[in-house]
Protein chains: 2
Amino acid sequence: MSRAAEAERAAPSGQLMQIGEVAEHLGLTPRTLRYWEEKGLLPPAERMEGGFRLYSPADVERLERIAQLKKLLGFSLAEIRTVVEADEELQALKRQSRAETSPAKQRARRERAVAILTEQIAILDNHIAQMQALREGYEARIRRLRELLDESGGRAAE
Amino acid sequence: MSRAAEAERAAPSGQLMQIGEVAEHLGLTPRTLRYWEEKGLLPPAERMEGGFRLYSPADVERLERIAQLKKLLGFSLAEIRTVVEADEELQALKRQSRAETSPAKQRARRERAVAILTEQIAILDNHIAQMQALREGYEARIRRLRELLDESGGRAAE
DNA sequence: CCATTTCTTGACGTTAACGTAAGGGTTGTG
DNA sequence: CACAACCCTTACGTTAACGTCAAGAAATGG
């Protein structure tokens, strides 16, 4: 047992995870995470002294969403980046909001955040609607088939 | 005006269309259609004497669905082929059903068709559900922001 | 301090899904 | 039949999204 039972390497410091761990958690490879970073899908990621990447729980969460978007929407990374950038703007707004003393500015930022989220939702809704339309097509075909089945079998059991 | 106003070339015979027309109709290129055919996403397509491809309205419809699936699900062509193959099986079932004299066999085929369609719907439902979950996440964040907005703005103007 | 493991940055390889160009037939029209 | 517009196949080029390999540093347990 070189390192089987104890995954103690997993805790470089508090909650922070290294790239390998994150990758495994997401079912991806370290290479993919570096590639995504290179392409600007996530902020350059913190490093520890020697240059090893460290991911916060928030980072991991963001990565999870990216992975989901990729799977669900089938967008290219470039397209996903625009979505993620909006997301990032949200994070920035949050941080600024906390530091912000003026209630008026806070309000403005929050309203902007709502606008961004609303836009993201619209994108999703669009996709959902199209998929439901497709689904409806399939259902219609099923109904027609069911009618035929009922005609031929509904009367008697034979 | 060499051929602007009159797209008479569009009708080689009745309803059949040539590759260029179909491509334009779908917002794709001829190359893409040939590639799809090469990859088995559609049946080898009818040809006219000289070897020009001819597409029936049914073919076009099938192509429309393929294009939609690609856009919506982001599946690879290989994955889409499995979906399309199911679809094709349906078409075959339909044709056989008409030629089929035995009501029992007809029934069996139709039930099989329903099963196939149900499976396709399940795939779509799965995707839809995941997207709705994502959507719900965004909505929750909006609600939290709205609460904050109401707090700061609902009581007094300050 | 040493061994082992995990990380780092290149750099080149790979696959899918086409784009593009070459060379040459086919079709419909005048 | 001549001609433009379209189509055919073949083949090589391209881009995205990684995979893989190499050489070397950094972390950690003993």
Nearest-Å distance for atom pair CD/P, residues A:Glu79 and D:dA16: 12 Å
N or O in side chain of A:Gln18 less than 4.0 angstrom from C:dT6 OP1/OP2: no
Centroid-centroid under 6.0 Å between A:Tyr55 and A:His25 rings: no
Under-4.0 Å side-chain N/O to phosphate OP1/OP2 contact, A:Arg31 with D:dT20: no
d(CD, A:Glu38; C1', D:dA16) in whole Å: 12 Å
Among A:Glu46, A:Arg34, A:Met48, A:Gln18, side chain to side chain contact (heavy atoms under 4.5 Å, CB included) partner for A:Arg53: A:Arg34
First encountered from the 5' end of DNA chain C, between B:Lys70 and A:Gly20: A:Gly20
Comparing B:Pro30 and A:Lys39 on DNA chain D - which has the more 5′ nearest nucleotide: B:Pro30
Whole-Å gap separating C1' (C:dG19) and CH2 (B:Trp36): 15 Å
Phosphate OP1/OP2 of C:dG19: any B:Thr29 side-chain N/O under 4.0 Å: yes
Atom pair OG1 (B:Thr82) and CG (B:Leu41), whose distance is rounded to the nearest 0.5 Å: 9.5 Å
Phosphate contact (D:dG19 OP1 or OP2) by A:Thr32 side-chain N/O below 4.0 Å: yes
Between C1' of D:dA17 and CZ of A:Arg81, the distance in whole Å: 14 Å
d(CD, B:Glu37; C1', D:dT9) in whole Å: 12 Å
Short side-chain N/O contact to C:dC7 OP1/OP2 from A:Arg53, under 4.0 Å: no
Short side-chain N/O contact to C:dT9 OP1/OP2 from A:Arg47, under 4.0 Å: yes
Length of the CD-P vector between A:Glu24 and C:dT5, whole Å: 16 Å
Out of C:dC7, D:dA17, D:dC7, whichever nucleotide has its closest atom nearest the side chain of A:Phe52: C:dC7
Nearest listed nucleotide, side chain of B:Arg34, among D:dC7, D:dA27, D:dC18: D:dC7
For atom CG of B:Leu28 and atom P of C:dA17, their distance in whole Å: 14 Å
B:Tyr35 OH to C:dT15 P, straight-line distance once rounded to whole Å: 13 Å
Value rounded to 0.5 Å, distance of CG in A:Asp87 from CD1 in A:Ile80: 12.0 Å
Minimum heavy-atom distance B:Ala86-B:Ile116, with the two atoms named: CB-CG2, 3.5 Å
